[in-house]
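Take a look at the structure set out below.
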There are 2 protein chains.
Amino acid sequence: MDEAAPQKGTVTQRAIERIKAMIAEGRLEPGQRLPTERDLAAQLGISRSSMREAIRALTVLGVLEARHGSGIYVTALEAGDLLETFGVVADLSRGPRLVELLEVRRILESTATGLAAARITEDQLAEVEKHLTAMNATDDPEEILAHDLAFHREIAAAAGNDTMAAILEGLSSRTFRARVWRGYQEEGAFARTRREHAAIHRALCARDPEAARAAAAAHVGEVEEWLRAQLGP
Amino acid sequence: MDEAAPQKGTVTQRAIERIKAMIAEGRLEPGQRLPTERDLAAQLGISRSSMREAIRALTVLGVLEARHGSGIYVTALEAGDLLETFGVVADLSRGPRLVELLEVRRILESTATGLAAARITEDQLAEVEKHLTAMNATDDPEEILAHDLAFHREIAAAAGNDTMAAILEGLSSRTFRARVWRGYQEEGAFARTRREHAAIHRALCARDPEAARAAAAAHVGEVEEWLRAQLGP
DNA sequence: CGACGCATAGTGGTCCGACCAATTCGGCGA
DNA sequence: TCGCCGAATTGGTCGGACCACTATGCGTCG
C-alpha cells in the first residue's frame, strides 16, 4: 500500500505532515469528516496511539476538530480557528517580549482602527458605543476589561480583515492584558484610558481614518511606554 | 493527592493547561528539564498515553521539546519557537485569506523595513547586499526564492523586534510564497521585483526610514494587488 | 400513519502493559 | 589517564481492552 517512506522524524510527525498535506492539496475540504482514527492509522501503517497524537496536535492547532462519538472533522479553516494558538504566545511571554508584542499590536491596531474609520457601518458603530458607555459606567475591573476587549474587537472586525482581527484577538488575550493592565491601572490610568477611547470613538464617528489611526497608536503606545519604563530599571 | 478537579474537557486538555500554567507561573523555567512522562502522568493522575498527547501538543506549539533518551525540556520560549506554527496558517490558507495575509505582511514588512533603515548596522547591510546580488545573478527560481527570503529576513532582523521578525517569517513561509509567486513571476515580474528590491536597498543605505517604508509597502503591495486581481474574476 | 423512545452499533477518550531505540553515565580494562 | 562498553534511564511505538458519547434505525405507542 504505502511504499517505503523516508524515515525522517517520528512516525507521529510524519502523520501530522501527511494530514496537513492532504488538506493543503484539497483532498480534504473544510468541514469534511475524516476516516476513523482506526482507519487512518491503518492507512498510514501506524498504531492508533501514534495517530491519536497526530490528531491531537492538529486539534490544538485549530486544523481538526474531534467530536466525541461522532468523528473527526476539518475545521472551517478560518482565521479565527488557525490563529487561536496565537494567544499562548502572549500568555507565555515575559519581559522584553511583552514590549515587542505591544509594538506589533500598536502597528496592527492603529492600521485596523484607521481602516475601520473608513468602513464601519452604523450598526457596528452602535455596538462600539455600547461597550464604550458600559465600560465607563462600572468600577469593576473585570467588567471594564471585558468591555475594553469587546470595544477593540468590534473595531477590528469593522476593519474588514478577519486575519488581522484574529491576530489582534490573540495579542489581546485575556490573561495577557490582565497581567499588563493590573499594574497599569493601579497608577490611575483609568481617566487617561477613557480619554483615549473617547478620542478613538470620535474619530470613528467622524469617519476620519488618519485621526483614528493616530488615536489608536497613541492609546496602545501609552501602555507600551509604561511597560518599557517598568522593565528598564 | 490531587483534589477533585472540575471535569471540564478531556483529561488531555486539562493536562495541557496544567503544564502551560506551570510555565506561565514561572514554576518551569525556559530550558528546564521536566519530570519523565511516567512521573508527570502519575502526578496529574492520568495515564501515560494521555500525558503523551498533551506533551505532543505542547511540542508542536513550540513550548516543549522532547529529546529521545534524554528527557523533555521547556524551549527557550523565544519568539521563533512559539511562532513557528504561524507557518501552517499561511500554508493552509486559500483564496481571499491569502490577500488578507499579504495585507498584514505589507503593514508589518513596511514598518520593519522603516525601522531597519534607522537601525541597521554595516555588517547587516553587507549581508543584505550579498543576498541582493546573489538574487540578481542567477536564473534558478528556487535560488532566487531562497535569496529573496533571506533578503527580507535580514532586514526584519535588523529592525530589532524578534517577535515581528518571527511573524514575518511565518507570513513568508516557503510553501506560501512558492504558491503565490509561481504565477506572479510567470508574468515577467522579475524586472519589477529587482527594481523594488533595489529601491529598498537604496533607502537602507541612505538610512531613510520613510523611503524604506514606502518602498517595502509598494513591494508587497504589488504582489497583493496582483493576487487580488487573480481572485476577482 | 406518524412521532416518540429505546436498543444498538459506531466512534472518540482513556487506560494498561509491553517492547523498541536513543541517550547517558559509570565502571572496567588497556 | 583515557577510552570503550554495557546497564540504566527515558522517550517512541505498538496492541488491546474498556468506557463515554452519538447517531441511527427499529419497534412501539398515540
Side-chain angles (χ1 to χ4, degrees), chain A residues 1-19 22-23 28 30-76 81, chain B residues 1-19 22-23 28 30-76 81:
Chain A
M1 197 71 62
D2 287 304
E3 68 298 336
Q7 294 283 354
K8 50 178 177 182
T10 68
V11 294
T12 303
Q13 195 62 39
R14 266 179 288 162
I16 293 175
E17 299 300 333
R18 290 282 293 268
I19 297 178
M22 283 192 225
I23 298 175
L28 288 177
Q32 185 175 339
R33 184 177 179 281
L34 276 69
T36 70
E37 293 180 343
R38 295 162 174 88
D39 289 347
L40 274 174
Q43 281 182 28
L44 301 191
I46 65 179
S47 72
R48 192 189 161 203
S49 313
S50 300
M51 177 54 72
R52 273 191 60 79
E53 288 186 22
I55 293 171
R56 173 72 65 177
L58 289 169
T59 296
V60 302
L61 287 181
V63 176
L64 299 183
E65 178 188 357
R67 300 180 203 160
H68 192 166
S70 173
I72 307 166
Y73 302 80
V74 182
T75 67
D81 302 322
Chain B
M1 198 70 62
D2 286 305
E3 69 296 339
Q7 295 283 355
K8 50 179 177 181
T10 68
V11 293
T12 301
Q13 197 61 39
R14 267 178 286 162
I16 293 175
E17 299 300 333
R18 290 282 293 268
I19 297 178
M22 285 191 222
I23 297 175
L28 287 176
Q32 185 176 339
R33 184 177 179 282
L34 275 70
T36 70
E37 293 179 344
R38 294 163 175 88
D39 289 347
L40 272 175
Q43 281 182 29
L44 301 192
I46 66 178
S47 73
R48 193 188 161 205
S49 313
S50 300
M51 177 54 71
R52 273 191 60 78
E53 287 185 24
I55 294 171
R56 172 72 64 176
L58 290 170
T59 296
V60 303
L61 288 181
V63 176
L64 299 182
E65 178 189 356
R67 300 180 203 161
H68 193 167
S70 175
I72 307 166
Y73 301 80
V74 182
T75 67
D81 301 322

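Lettering follows sequence order; numbering is per chain, from 1.
- Taken to the nearest 0.5 Å, the CD1 atom of A:I46 stands 9.0 Å off from the OG1 atom of A:T10.
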Please write out each protein N/O paired with an N/O of nucleotides 14-18 of chain D under 3.5 Å, distance rounded to 0.1 Å.
residue, atom, partner, partner atom, Å
D:dC14, OP2, A:S47, N, 3.1
D:dC14, OP2, A:S47, OG, 3.3
D:dC14, OP2, A:S50, OG, 3.1
D:dG15, O6, A:S49, OG, 3.3
D:dA17, N6, A:R48, NH1, 3.4

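- In this structure, A:L28 CG and A:L64 CG are separated by 8.5 Å, a value rounded to the nearest 0.5 Å.
- Atom P of nucleotide D:dG12 and atom CG of B:L40 are separated by 13 Å, given to the nearest angstrom.
- Within the model, atoms CG of B:L34 and OH of B:Y73 stand 10.0 Å from one another, a figure rounded to the nearest 0.5 Å.
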Apply side chain to side chain contact (heavy atoms under 4.5 Å, CB included) to B:T59 and A:Q13, showing your working.
-> CA-CA 11 Å; B:T59 296; A:Q13 195 62 39; 5.9 Å; no
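- Rounded to a whole Å, the CG atom of B:L64 is 11 Å from the P atom of D:dG11.
- At distances below 3.5 Å, at least one donor-acceptor pair connects side-chain atoms of A:R33 with backbone N or O atoms of A:S70.
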B:L61 vs A:L61, side chain to side chain contact (heavy atoms under 4.5 Å, CB included): CA-CA, chis, key distance, verdict = CA-CA 8 Å; B:L61 288 181; A:L61 287 181; 3.9 Å; yes
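- If you take CE of B:M51 and P of D:dT10, they are 15 Å apart, rounded to a whole angstrom.
- One interatomic measurement links the two molecules: CD of B:E53 to P of D:dG12, which rounds to 14 Å at whole-angstrom precision.
- Residue A:E37 contributes atom CD, which lies 11 Å from atom C1' of C:dT14 at whole-angstrom precision.
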Let me see the working for B:M51 and B:I19 under side chain to side chain contact (heavy atoms under 4.5 Å, CB included), right down to the final yes or no.
-> CA-CA 10 Å; B:M51 177 54 71; B:I19 297 178; 4.1 Å; yes
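- Residue B:R56 has a polar side-chain atom (N or O) positioned under 4.0 Å from OP1 or OP2 of D:dT13.
- In this structure, A:I55 places its CD1 atom 13 Å from P of C:dT14, rounding to the nearest Å.
- Near DNA chain C, meaning a heavy atom under 4.0 Å from it, residues 65-73 of chain B has B:H68, B:G69, B:S70 in order of number.
- Every residue meeting the salt bridge (charged side-chain N to carboxylate O under 4.0 Å, His left out) condition with A:R67, not counting sequence neighbours, appears here in chain and number order: A:E65.
- We find that CG of A:D39 is positioned 11 Å from C1' of C:dG10, with the value rounded to whole Å.
- The line from OG of A:S50 to CZ of B:R56 is 8.0 Å long, rounded to the nearest 0.5 Å.
- If you measure from atom CD of B:Q13 to atom P of C:dG13, you get 11 Å, rounded to the nearest angstrom.
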